[in-house]
Number of protein chains: 4
Amino acid sequence: MRSNQYSDKEIAVFNGLVGLLKQGKSLYKIKVSEIAKAANIGKGTIYDYFSSKEEAIYLALLYYLNNEMTRVVSEVESTSSFKNKIYKLLDITEENIESKYSSLKTVLSAKDISSMYDLIEGNENLIDSFINYMGKIMESIVTAGENEGYINKSYSSYYKKSAIRCILIGFAQFVSHKECYKDVNVDLAKEVAYTQLIKMLR
Amino acid sequence: MRSNQYSDKEIAVFNGLVGLLKQGKSLYKIKVSEIAKAANIGKGTIYDYFSSKEEAIYLALLYYLNNEMTRVVSEVESTSSFKNKIYKLLDITEENIESKYSSLKTVLSAKDISSMYDLIEGNENLIDSFINYMGKIMESIVTAGENEGYINKSYSSYYKKSAIRCILIGFAQFVSHKECYKDVNVDLAKEVAYTQLIKMLR
Amino acid sequence: MRSNQYSDKEIAVFNGLVGLLKQGKSLYKIKVSEIAKAANIGKGTIYDYFSSKEEAIYLALLYYLNNEMTRVVSEVESTSSFKNKIYKLLDITEENIESKYSSLKTVLSAKDISSMYDLIEGNENLIDSFINYMGKIMESIVTAGENEGYINKSYSSYYKKSAIRCILIGFAQFVSHKECYKDVNVDLAKEVAYTQLIKMLR
Amino acid sequence: MRSNQYSDKEIAVFNGLVGLLKQGKSLYKIKVSEIAKAANIGKGTIYDYFSSKEEAIYLALLYYLNNEMTRVVSEVESTSSFKNKIYKLLDITEENIESKYSSLKTVLSAKDISSMYDLIEGNENLIDSFINYMGKIMESIVTAGENEGYINKSYSSYYKKSAIRCILIGFAQFVSHKECYKDVNVDLAKEVAYTQLIKMLR
DNA sequence: CATGAATGAGGGTTCATTCAT
DNA sequence: AATGAATGAACCCTCATTCAT
């Protein structure tokens with residue numbers, strides 16, 4: 001596992017790469033020369049900081065995931081009340097799905113990414129890291145829900161967290177394929193998700 | 001959209017490709033020569049039936065998805081009672097996630113597949129097709145649930161189907177990352193999913 | 001060790017490569033694309049027959065050496081009389097050194113070639129092969145010399161062969177650096193070599 | 001032709017490079033960064049003293065050759081008696097061939113080195129320089145041999161020197177490929193060489 | 001002077017696709 | 001119809017050289 005402290009050049013590579021993804025470039029078609037150009041550095045320079053294209057991509061995704069999730073965690077934690085936290089998460093999910101590139105999307109296809117690139121699925125991999133962050137978020141939400149009386153404390157921890165995860169992924173599914181649900185708009189889908197959650201937890 | 005009637009050679013290609021995936025070969029690293037060998041045909045022959053490697057892969061996945069989902073639909077439909085149908089679906093989900101390759105996995109990363117291969121995301125794409133099948137399954141389950149009194153009929157169709165989809169994906173998530181939930185076994189996770197569903201629908 | 005039977009394409013590569021060397025191209029600067037062009041085949045085709053550029057070059061040199069040395073052996077063996085054999089060998093040496101490329105030159109720098117290319121210095125390497133051929137030639141010459149009474153049979157086999165080898169290499173040295181010996185012409189150098197040999201062997 | 005006076009940095013480069021060669025590093029694979037590290041200087045510094053990697057290597061070899069040959073000349077000259085001089089030369093030859101790197105080896109493959117590196121084969125090249133030194137050594141030996149009555153003075157200068165050169169190269173050949181002469185040891189080979197020389201010269 | 005971070009031209013190799021048989 | 005030998009465009013990576021500090 002590499003240090004969390006990255007040099008300017010490394011961060012330039014990360015930002016360049018994520019920038020390309022946000023422009024809609026497919027992860028599977030990115031060329032080293034494109035990354036270099038997007039990062040405003042020479043092609044060879046990438047190899048001064050990363051041992052391969054694979055590594056550069058992997059670390060970029062990890063870096064971006066960490067940044068993004070750190071932000072999400074703090075946003076949710078700084079949001080008051082159970083209901084607001086849930087809606088905040090649904091909002092973030094919506095944005096993520098709608099954008100050309102997001103960590104959420106990466107995580108949803110992370111198995112494929114690691115199957116494409118022979119990344120050492122070491123201690124710290126994308127999904128583990130993501131699940132870790134989600135754990136913190138769930139924790140924060142469960143605590144709020146219990147304090148505010150929305151959650152029946154007799155449920156197991158897994159049950160409670162699982163319920164939240166469920167409605168999130170279900171909502172993500174909706175956003176991903178809105179066109180299949182012509183009679184449902186986003187706000188309604190959020191309401192449905194929230195209602196379902198309340199029913200599961202009480 | 002191509003005919004649903006495929007020639008022997010085309011089906012050989014489909015089976016060969018899916019066979020490779022089931023052996024754990026990464027979709028992103030498959031070579032035409034490997035497909036040809038797995039299908040027991042010459043490399044050039046593939047181009048007599050498909051316009052490109054991309055198309056061959058895309059159609060193979062679609063073919064396999066259709067076969068598999070047709071089977072799943074009929075299995076669920078032929079299962080009696082609401083609860084049994086749900087458990088059947090959870091069982092199928094479990095198997096799918098655990099196997100090296102399954103249509104479910106393909107669908108979960110379908111955005112990536114289509115981003116890797118410049119597939120004309122035409123009328124009939126993998127996800128649309130999948131959602132279509134899922135719709136049928138949901139329909140069957142909802143009907144059973146209503147007939148058996150598990151489902152409060154006042155909910156919208158979206159609400160009802162969404163609830164089922166939620167717990168399925170939530171359960172899929174669990175199976176994918178069992179190692180993160182050390183105190184939960186598969187049977188418990190199924191129970192939790194079922195309980196959550198009942199609560200959402202009543 | 002590969003079979004001695006080569007396909008047309010392999011021989012085309014061999015001839016193409018040796019052709020480049022004979023044009024004065026340095027072995028160390030040859031590009032795969034040049035070899036392909038010289039062999040009148042596509043660049044990729046080389047990799048259908050050889051696992052790497054290194055291997056292609058190594059096998060080409062070996063192939064050429066075998067061909068050339070086989071010819072030399074038969075030329076010397078078919079020459080009658082001790083003196084004629086020696087002069088034949090000196091003539092061949094002269095031609096070899098004067099040409100832009102010859103197996104003799106390769107052998108003289110074979111250690112470098114193998115140090116440049118990480119060739120598995122397996123059973124059959126250039127120098128061993130060369131020494132083997134030389135052994136046969138020496139044998140043929142020693143037999144003639146003994147039959148004709150030029151060679152005192154009491155010398156060891158090593159002594160006799162070594163004497164021949166000596167004057168050959170000495171003569172090769174002369175040809176390589178003629179410009180350093182302004183008062184000696186090739187014919188004189190051959191006479192000197194022969195005289196020295198006679199003195200050593202009687 | 002550059003001055004014979006080199007700066008400390010230049011000599012550091014020379015020694016660093018030769019050091020690498022003596023460690024068994026192939027001349028054809030040496031990188032500028034390695035030379036710099038071996039010389040304990042910065043990579044850029046090399047270009048303050050040499051116009052290219054090629055030049056640095058060429059001058060290093062030349063420098064080393066001069067040092068080594070100067071030493072060899074003086075060793076041979078300071079050895080008394082014809083026979084001792086010859087044996088001294090054979091000893092030196094043996095050491096040279098056995099070591100990972102020596103000027104002798106360089107000279108034996110000098111054509112390749114200059115073909116690899118586009119060295120201006122100007123006035124002062126490796127082989128010319130070497131032949132020059134050898135000339136001095138031959139001179140010294142011939143003089144001793146004549147004084148001691150081993151050499152028939154009626155032979156031409158070329159004949160005499162050529163004889164010495166012959167047995168040296170012949171012996172070098174033996175040492176290079178000892179494994180091919182299982183029934184001959186080094187001391188015997190030296191004796192053979194000396195005997196052959198005596199016979200040629202008397 | 002000395003450095004080493006940065007560069008990018010260049011080359012070995014892969015593999016989707018073609019086409020003569 | 002079927003093949004697989006042949007192709008060459010494309011791309012990753014190396015490393016000699018430069019130049020700002």
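Residue numbering restarts at 1 for every chain, and letters A, B, ... go by the order of the sequence lines. Worth saying up front: this structure is predicted, and the values here are computed from it rather than measured.
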Test of understanding: with side-chain contact (heavy atoms from CB on, under 4.5 Å), list the residues that count as partners of [X], not counting sequence neighbours.
| X | answer |
| --- | --- |
| B/N15 | B/I11, B/Y63 |
| D/S99 | D/S102 |
| B/N40 | none |

* Return the 5'-most residue of the pair D/G44, A/I30 with respect to DNA chain F, ranking by each residue's nearest nucleotide. =>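 Its nearest nucleotide being more 5', the pick is A/I30.
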* To do: Return the set of residues passing side chain to side chain donor-acceptor pair (under 3.5 Å) with C/Y47 (not counting sequence neighbours), or none when no residue passes.
  =>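 Partners of C/Y47 by the side chain to side chain donor-acceptor pair (under 3.5 Å) criterion come out as none, since no residue qualifies.
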* side chain to side chain donor-acceptor pair (under 3.5 Å) partners of D/S7, counting only residues at least two apart ->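 Side chain to side chain donor-acceptor pair (under 3.5 Å) check on D/S7 returns D/E10.
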Determine all donor-acceptor pairs shorter than 3.5 Å in which one atom belongs to a side chain in residues 18-25 of chain C; sequence neighbours excluded.
| unit_1 | atom_1 | unit_2 | atom_2 | d |
| --- | --- | --- | --- | --- |
| C/K22 | NZ | C/Y64 | OH | 2.5 |
| C/K25 | NZ | C/E34 | OE2 | 3.0 |

* At the 4.0 Å heavy-atom cut-off to chain B, mark where contacts on DNA chain F begin and end, going 5' to 3'. =>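 Using the under 4.0 Å cut-off, the span is F/dA2 to F/dA6.
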* Candidates E/dG12, E/dT3, E/dC1 - which lies nearest the side chain of D/Y49 ->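 Nearest to the side-chain atoms of D/Y49, counting from C-beta on, is E/dC1.
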* Asked: To the nearest Å, how far apart are B/K43 NZ and E/dA16 P?
  ->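 Distance, rounded to whole Å: 8 Å.
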* What pattern of brackets, bars and dots sums up DNA chain F from 5' to 3', given Watson-Crick or G-U wobble pairs under 3.5 Å, [ ] for crossing pairs and | for another strand? -> .||||||||||||||||||||
* Asked: Centres of the A/Y58 and A/F50 rings: under 6.0 Å?
  ->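 Not close enough - the centres of the two rings lie 6.0 Å or further apart.
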* Got a sec, which pairs hit salt bridge (Lys or Arg N to Asp or Glu O under 4.0 Å) with one end in residues 36-51 of chain B, sequence neighbours left out? ->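 Not a single pair qualifies under salt bridge (Lys or Arg N to Asp or Glu O under 4.0 Å).
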